[in-house]
Amino acid sequence: MIVRHLILELLEQALQQAQEVGLLPPGTPTDVTVEHPQSPEHGDFATSLPLRLARSLRMNPLEIARRLAPLIPPAEVVERVWTEPPGFINFSLKAGWLSSQVESILQEGETYGNVDLGRGERVQVEFVSVNPTGPIHVGHARGAVQGDALAAVLSAAGYQVTREYYVNDAGNQMEAFYNSLYARYQQVFGHPAEMPQGGYMGDYMVDLARAIAAKEGERFLSMPPQEAVQELGRIGLEQMLGRIREDLNRLRVHFDIWFREHTLYQEGQYQQAMDLLRQGHHLMEREGATWFVSTALGEDKDNVLIRGSGVPTYFAADVAYHYNKFVEREFSRVINIWGADHQGHVSRMKAAVGALGIDPHRLIIIISQMVTLRRGDHLLRASKRTGDLVTLPELLEEVGPDPCRYFFLARSPESQMEFDLELAKRESSENPVYYIQYAHARIASILRLALERQIDYSDGDVSLLTDPAELSLIRKMVQLPELVESMATNLEPHHLPHYAQDVATAFHWFYQQCRVVSSTPGEEALVKARLKLVKAAAITLGRCLQLMGMEAPEQM
RNA sequence: GCCCCUGUAGCUCAGUGGAUAGAGCACUGGCCUCCGAAGCCAGUGGCGCGGGUUCGAGUCCCGCCGGGGGCACCA
């Protein structure tokens with residue numbers, strides 16, 4: 001159960017009753033909201049409903065609060081309801097109910113924190129989708145972690161989630177990649193081939209060419225160049241993709257589907273999408289090209305879908321891709337995580353989806369802002385073309401997947417972030433990653449000790465948990481389902497690291513205050529109760545780490 | 001020039017229109033005689049500037065200033 005829902009319900013009942021019996025005049029309905037007050041003296045939950053109602057009811061807010069509060073029905077969860085100037089109603093939770101939640105958490109086990117918000121609704125999260133023209137780097141890694149965690153959170157919230165990577169295996173950039181590879185390949189055998197204009201200059205292209213040369217020999221040299229480029233390109237593409245997949249795996253990011261752009265042409269979705277747009281009179285021939293008339297839909301400008309050469313643009317492919325997502329595969333919602341450099345593409349993509357007859361609200365685009373990488377005072381600029389980049393494997397080598405995931409996850413996507421490699425390395429034993437993992441390891445070691453001493457705490461009585469430190473830990477733990485719900489609703493997984501840290505803090509404080517495995521005579525029952533609490537903390541913290549894709553170490 | 005994001009503590013960042021704005025790092029001072037001091041407790045320190053909406057603004061609106069990104073028949 002999510003306590004917030006209960007409190008909301010109680011409030012709504014009280015409001016309705018107050019209006020029925022004439023204690024309050026019927027007023028315009030207001031959204032009833034509750035929040036967690038900052039200060040503990042204001043209880044576990046609070047509402048400012050009376051303040052919101054004051055205007056429409058033309059009454060003093062405190063007076064509204066005083067009339068409303070006594071009408072709030074008693075509940076097994078609520079200890080006390082009271083009013084506070086200028087017009088708050090506060091709620092505190094019953095200690096007995098809180099301690100009983102330890103049993104609930106133990107019962108739910110690994111699934112603790114799950115909620116049924118999604119009811120099996122099919123949602124797609126498309127993320128990373130880096131062109132396979134080069135290795136994946138730091139900026140991509142951020143989007144990768146955000147997408148993966150968002151998908152995890154949505155799953156926990158009861159959605160049926162598909163993680164998808166869109167492979168742009170057609171288009172100009174891939175052509176440039178193929179031609180670059182062909183040039184490097186020729187160079188391996190001493191042929192003075194020139195790199196194409198706008199080619200990919202990074203050393204990895206040389207490595208790739210060498211690797212292919214070593215495996216395939218010089219057979220592409222004797223082919224007609226066009227054929228060689230094509231054959232070589234196909235191999236190079238798979239190699240790059242394999243490497244990207246491997247790098248992402250090391251970051252613990254996995255995809256259900258690697259969707260290939262070229263299938264959109266093979267299987268007719270491109271044609272169908274274009275036909276649909278044409279039927280809707282959204283297309284126009286102009287200057288030899290076919291345009292999407294997005295200005296008619298309020299956009300700043302029109303966009304080319306089919307070039308004068310007859311070759312579709314990236315945008316056209318993306319339109320077809322979204323046709324495939326919504327119409328063919330019938331996702332009820334699609335979430336795309338794009339890098340900041342795609343920001344200008346957002347509104348026309350939505351316009352196009354609308355033009356296809358799909359409610360644009362079903363498409364949600366999250367823009368993941370830039371990552372600035374810093375090594376001490378030295379700023380590192382990532383550029384694929386020049387090859388001057390910090391790749392994901394390099395980053396993982398330096399800081400490891402856990403800090404990577406934690407830091408990328410802790411920032412909201414719309415704010416740019418700075419990642420100082422030196423700091424992350426130097427302070428690796430002092431950063432929040434280890435703080436949280438340390439808490440988990442500490443918990444594990446207590447449970448190990450209990451096991452060693454053969455303490456069977458299955459009959460522990462959780463009602464003995466009354467110490468403020470015990471209760472504040474439980475208070476924190478019971479918030480997980482509510483948090484999952486709100487993260488899934490707002491698509492904001494970045495609250496997870498902060499919550500995990502709060503849980504860790506509450507645990508460390510409890511640990512400081514309360515001896516768990518005590519040898520003091522007469523405390524046997526308390527020991528068992530506390531072991532249940534510790535076990536519940538292991539579950540809660542473990543779940544957080546699992547959702548974040550981080551390791552939950554038993555010892556460190 | 002236009003569009004999007006952003007400006008919160010010395011640094012990196014949280015912060016559903018509500019009560020005394022939080023965390024980590026850094027700095028200062030305390031705490032290990034049975035479970036892990038990678039911990040706990042206390043202290044120092046802040047909403048870019050100016051208007052507006054509101055009972056109430058870090059949060060919403062307008063303007064200015066600073067930072068980042070975009071404005072291709074590239075993706």
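All chains are named by letter (A, B, ...) in the order of the sequence lines, taking the proteins before the strands, and each is independently numbered beginning at 1.
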Rounding to an integer number of angstrom, what distance separates [N] and [M] when you compare their [atom1] atoms?
N: B/U33; M: B/G43; atom1: C1'; value: 29 Å
N: B/U44; M: B/U12; atom1: P; value: 23 Å
N: B/A23; M: B/G15; atom1: P; value: 15 Å
N: B/A57; M: B/A19; atom1: P; value: 11 Å

Remember a base hit wins even if backbone is also touched, and classify [X] as base, sugar-phosphate or nothing at under 4.0 Å, heavy atoms.
X: A/Met556; value: base
X: A/Gln38; value: sugar-phosphate
X: A/Glu41; value: base
X: A/Gln501; value: sugar-phosphate
X: A/Arg348; value: base

Earlier contact from the 5' end, RNA chain B, for A/Pro86 and A/Gly288: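 Of the two residues, A/Pro86 wins.
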5′-ward residue of the pair A/Pro85/A/Arg515 relative to RNA chain B: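 Final value for this comparison: A/Pro85.
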[atom1] of [X] versus [atom2] of [N]: gap in Å, rounded?
X: A/Tyr435; N: B/A23; atom1: OH; atom2: P; answer: 10 Å
X: A/Asp302; N: B/A72; atom1: CG; atom2: P; answer: 13 Å
X: A/Lys301; N: B/G70; atom1: NZ; atom2: P; answer: 14 Å
X: A/Asn131; N: B/A75; atom1: CG; atom2: C1'; answer: 5 Å
X: A/Gln512; N: B/C35; atom1: CD; atom2: P; answer: 12 Å
X: A/Tyr438; N: B/G24; atom1: OH; atom2: P; answer: 16 Å
X: A/Met349; N: B/A75; atom1: CE; atom2: C1'; answer: 14 Å
X: A/Gln343; N: B/C5; atom1: CD; atom2: C1'; answer: 8 Å

Note: A/Lys325-A/Glu126 ion pair, threshold 4.0 Å (strictly below):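 Looking at A/Lys325 and A/Glu126, the cut-off is met.
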Any idea which of [options] is nearest the [X] side chain?
X: A/Glu35; options: B/G18, B/C41, B/G15; answer: B/G18
X: A/Ala441; options: B/A75, B/C3, B/G36; answer: B/G36
X: A/Met370; options: B/C34, B/G69, B/U16; answer: B/G69
X: A/Arg411; options: B/C73, B/C13, B/C41; answer: B/C13
X: A/Gln369; options: B/G24, B/C35, B/C5; answer: B/C5

Please state whether the phosphate of [N], meaning OP1 or OP2, lies under 4.0 angstrom from any side-chain nitrogen or oxygen of [X].
X: A/Ser48; N: B/G18; value: no
X: A/Ser415; N: B/G67; value: no
X: A/His36; N: B/G15; value: no
X: A/Tyr499; N: B/A14; value: no

Decide yes or no, distance alone: a donor-acceptor N/O pair under 3.5 angstrom between the base of B/G67 and the side-chain of A/Gln416.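 Such a pair is found, so the answer is yes.
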Any donor-acceptor pair under 3.5 Å joining the side chain of A/Asn90 to the base of B/A19?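 Yes.
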Strictly by Watson-Crick or wobble contacts shorter than 3.5 Å, is anything paired with B/A57, and which nucleotide is it?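 None - no nucleotide pairs with B/A57, as no candidate has both distances under 3.5 Å.
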B/C34 pairs with which nucleotide, Watson-Crick or G-U wobble, both distances below 3.5 Å?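 The answer is none; no pair meets the criterion.
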Would A/Phe88 pass as stacked on B/A19, i.e. its ring centre under 5.5 Å from the base's six-membered ring centre and planes under 30° apart?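 According to the criterion (under 5.5 Å, under 30°), yes, A/Phe88 stacks.
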Does the aromatic ring of A/His42 sit over the six-membered base ring of B/A19, closer than 5.5 Å centre to centre and tilted less than 30°?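 So A/His42 counts as stacking on the base.
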Is any side-chain heavy atom of [X] closer than 4.5 Å to a side-chain heavy atom of [Y]?
X: A/Leu395; Y: A/Leu421; result: yes
X: A/Ile366; Y: A/Phe127; result: no
X: A/Ser412; Y: A/Gln369; result: no

Taking the six-membered ring for Trp, are the ring centroids of A/Phe510 and A/Phe507 within less than 6.0 Å of each other?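 Here the rings of A/Phe507 and A/Phe510 have centres that are less than 6.0 Å from each other.
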Could you go step by step and tell me if A/Glu418 and A/Arg411 meet the salt bridge (Lys or Arg N to Asp or Glu O under 4.0 Å) rule? CA-CA 10 Å; A/Glu418 230 169 70; A/Arg411 315 295 183 229; over 6 Å; no
Do A/His322 and A/Asn336 get their side chains close enough for a donor-acceptor pair, meaning under 3.5 Å?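 Judged by distance alone, the side chains do pair up.
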